[in-house]
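Heads up: the structure comes next, in structure tokens.
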Amino acid sequence: LAAVAAGCGSGSGSGGTTLGFSQVGAESGWRTANTQSIQDSAKDAGINLKFADAQQKQENQIKAIRSYIQQHVDVIAFSPVVESGWDTVLKEAKDAKIPVILTDRAVDSKDPSYYATFLGSDFVEEGKKAAQWVIDTYKNSNETVNIAELQGTTGSAPAIDRKKGFSDLISADPKFKIVASQTGDFTRAKGKEVMQAFLASHQKIDLLFAHNDDMALGAIQAIEEAGLKPGKDIKIVSIDGVHDALQALVDGKENYVVECNPLLGPQLMDLVKKIKAGQPVDHRIVTTETTFTPEQAAAALPSRKY
Ligand code: GYE
């Protein structure tokens with residue numbers, strides 16, 4: 001409950017709009033950039049932001065949302081840690097006539113009236129972009145490619161969808177084999193720990209697909225400590241595009257990064273204003289993103305803000 005009470009108002013905005021935002025946690029570089037973007041753009045937009053960090057726990061998010069309902073905020077936004085289990089609290093918000101914006105991650109609720117819009121990436125597409133790079137990289141080889149997969153938080157939209165997008169494409173060619181797949185909870189520490197376990201199982205691994213950069217960065221440490229060369233002995237592709245992963249690309253320790261844009265704040269604040277003013281908004285807003293080869297990473301790094 002401490003995290004809920006720690007909501008930080010950013011002063012009284014011109015329109016007097018209050019947004020209650022429940023963040024997943026601070027598990028990755030992506031998340032830190034996302035939080036910063038939301039806090040900065042609330043300030044710029046003159047929106048009074050109540051912010052709570054759920055420390056990757058759904059129960060904390062539900063508590064935060066209930067407290068926002070009690071405080072009668074104008075709009076509630078949250079990035080759901082997992083996809084399922086939201087119907088009850090979303091119905092409570094609906095009954096209280098407080099519009100909800102899903103930010104970054106989706107819920108599996110069947111009732112579309114539970115939220116006004118969902119702003120975020122297409123995670124299936126990101127998984128497919130990673131797979132397409134793998135397919136292109138091995139297009140001239142008939143040998144088996146042993147793939148290890150570091151999954152994101154179990155039950156989260158990005159973990160479910162990135163896995164699906166990736167396997168949908170690579171499963172078309174039997175030479176690609178996912179020989180190990182486990183969650184690393186989107187963190188560096190877990191990514192390292194799980195990669196150590198993969199390497200200790202003595203399975204030959206040709207390629208690592210990590211659902212986010214932080215897990216890949218943790219895995220790079222594990223691979224180096226095992227006396228192998230990341231990016232060469234084991235090729236690595238991950239998703240997000242944070243500064244440290246672009247640096248790993250430039251250093252030859254990673255091979256490809258699929259971008260996922262964390263800078264959702266400005267679009268979110270626009271949506272909050274529109275919704276409060278009763279203007280119509282699209283029910284799904286997909287963010288645009290790119291991919292990075294080492295050359296593209298070198299060009300992007302100097303101006304990369306996160
Ligand atoms: O890829 C990961 C973060 O939901 C898109 O969450 C987000 C993911 C992101 O922890 O780094």
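These figures come from a predicted structure and were not determined experimentally. Just so you know, ligand 1 is whichever comes first in the structure, and atom 1 is the first atom listed for that ligand.
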For this session: Give me the one residue out of D53, D104, N34 that meets side-chain hydrogen bond (donor to acceptor under 3.5 Å, both in side chains) with Q23.
Result: N34

Exercise. Taking the six-membered ring for Trp, are H283 and Y115 parallel (under 30°), tilted (30 to 60°) or perpendicular (over 60°)?
Worked result: parallel

Exercise. Considering all heavy atoms of both residues, which atom of A248 and which atom of L217 are nearest to each other, and what is their separation?
Worked result: CB-CD2, 4.2 Å

Exercise. Does R162 approach ligand 1 within less than 4.0 angstrom via side chain, backbone, both or neither, non-hydrogen atoms only?
Worked result: side chain

Exercise. Any side-chain heavy atom of W86 within less than 4.5 Å of one from I62?
Worked result: yes

Give the atom numbers and elements of ligand 1 that come within less than 4.0 Å of a heavy atom of [X].
X    : value
P158 : 4 (O)
S28  : 2 (C), 3 (C), 10 (O), 11 (O)
F123 : 5 (C)
C260 : 5 (C)
E27  : 3 (C), 6 (O), 10 (O)

For this session: Mind checking side-chain hydrogen bond (donor to acceptor under 3.5 Å, both in side chains) for N255 and listing every partner two or more places apart, or none if nothing turns up?
Result: none

Exercise. Is the shortest N/O to N/O distance between R105 and ligand 1 below 3.5 Å?
Worked result: yes

For this session: Measure the distances from the heavy atoms of D104 to every atom of ligand 1 and state whether one is below 4.0 angstrom.
Result: yes

Exercise. Are any of the heavy atoms in I239 under 4.0 Å away from ligand 1?
Worked result: no

Exercise. Does the E289 side chain pair with the main chain of N261, one donor and one acceptor, at a distance under 3.5 Å?
Worked result: yes

Exercise. Which residue, L264, L49, I47, L263, forms the side-chain contact (heavy atoms from CB on, under 4.5 Å) with I38?
Worked result: L49

Seminar exercise, completed: the protein heavy atom lying closest to atom 11 (O) of ligand 1 turns out to be D240 OD2, 2.7 Å

